[in-house]
Amino acid sequence: MPIKRLTREFYGRATLIVARELLGQRLVRLYHGEQLAGRIVEVEAYIGQGDQACHASMGRTARNAVMFGPPGQAYVYFIYGMHYCLNIVTEAEGFPAAVLIRAVEPQAGLATMQALRPGRPLADLTRGPGRLCAALAIDLSCNGADLCAPDSALWVEEDAALPDSAIAAGPRIGVRGDMAALQAPWRYYLQDNPWVSGRRTVTDHTTDHR
DNA sequence: GGATCGATCGGCT
DNA sequence: GCCGATCGATCCG
């Protein structure tokens, strides 16, 4: 069975469905002829102008214009003066929404990814939206890239489907406020997966050496 | 282990 | 001018 790139029809659906179904799929970045790849383990949905945490909540601007475009494109933004974050545009053209890729589990191209983040622990290679962009060499040159085009250098491939029992949901990281949308559980992640971002807890075995 | 803070700069009020 | 969909260093207990 040939490997299948996720299609524009896949991305052009309700954002929460797309976010949920992106978990477990394989994000691939073609970098100097080499495939850098990781399994998506954590995502967040940003949904339209009614979502005050969505960059498009105040209307269309030069920065967020890609989110208003057709689904299946990369929306990459620069934040805190030093980091990039990767989103994939969802829903019908004209409705601004996207899924933020917050973490992946490295699958291929480990050595190159580590070279792109010199001196950093392997455990943090792709754990967090800024980190995974650095490891996959994703920056503003990827903004607007069409993940559905056969010749693009960034795409998502179909991988094994996951049971709902493997997935957890919660409020989005770094999003606070009293309005309902700001407290919505629109962050999805693989339960107990060591590559999911955020503070590790005592029950986390990832730092054990046993 | 957990809290706090500085870095660093584009976008928008 | 202010602040952010973050990260990593540092300080504290």
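Note on naming: letters A, B, ... go to the chains in the order of the sequence lines (proteins, then strands), and numbering restarts at 1 for each one. Here the structure is a predicted model, which is why all the values come from computation and not from measurement.
- With rounding to the nearest 0.5 angstrom, the CG atom of A/Leu136 is 11.0 Å from the OH atom of A/Tyr31.
- Nearest heavy atoms, A/Thr15 versus A/Ala97: OG1-CB, 3.4 Å.
- Heavy atoms only, all atoms of each residue included: A/Ser57 and A/Gln52 are closest at OG-O, 3.6 Å.
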Subject >> Bracket notation of DNA chain B in which parentheses pair within the strand, [ ] cross earlier pairs, and | pairs with another strand (Watson-Crick or G-U, under 3.5 Å) >> reply: |||||||.||||.
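- Applying the side chain to side chain contact (heavy atoms under 4.5 Å, CB included) criterion to A/Arg8, with sequence neighbours excluded, gives A/Pro71, A/Asp146, A/Cys148.
- Residue A/Thr61 places at least one side-chain N or O under 4.0 Å from the OP1 or OP2 atom of B/dC12.
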**OP:** Assign a letter to each nucleotide of nucleotides 4-9 of chain C from its 5' end: B, base within under 4.0 Å of a protein heavy atom; S, sugar-phosphate only; -, no contact.
**Re:** BBBSS-
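- Atom CD of A/Gln35 sits about 6.5 Å away from atom CG of A/Leu30, to the nearest 0.5 Å.
- Nearest heavy-atom pair across A/Asp124 and A/Arg117 is O-NH2, 3.4 Å.
- The aromatic rings of A/Tyr77 and A/His55 stand perpendicular to each other, their planes meeting at an angle above 60°, with 30° marking the opposite boundary.
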**OP:** Verify side-chain contact (heavy atoms from CB on, under 4.5 Å) between A/Asp164 and A/Arg20, making sure each step is shown before the conclusion.
**Re:** CA-CA 9 Å; A/Asp164 285 342; A/Arg20 158 67 180 85; 2.6 Å; yes
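- The separation between A/Arg60 atom CZ and B/dC12 atom P is 12 Å, rounded to whole Å.
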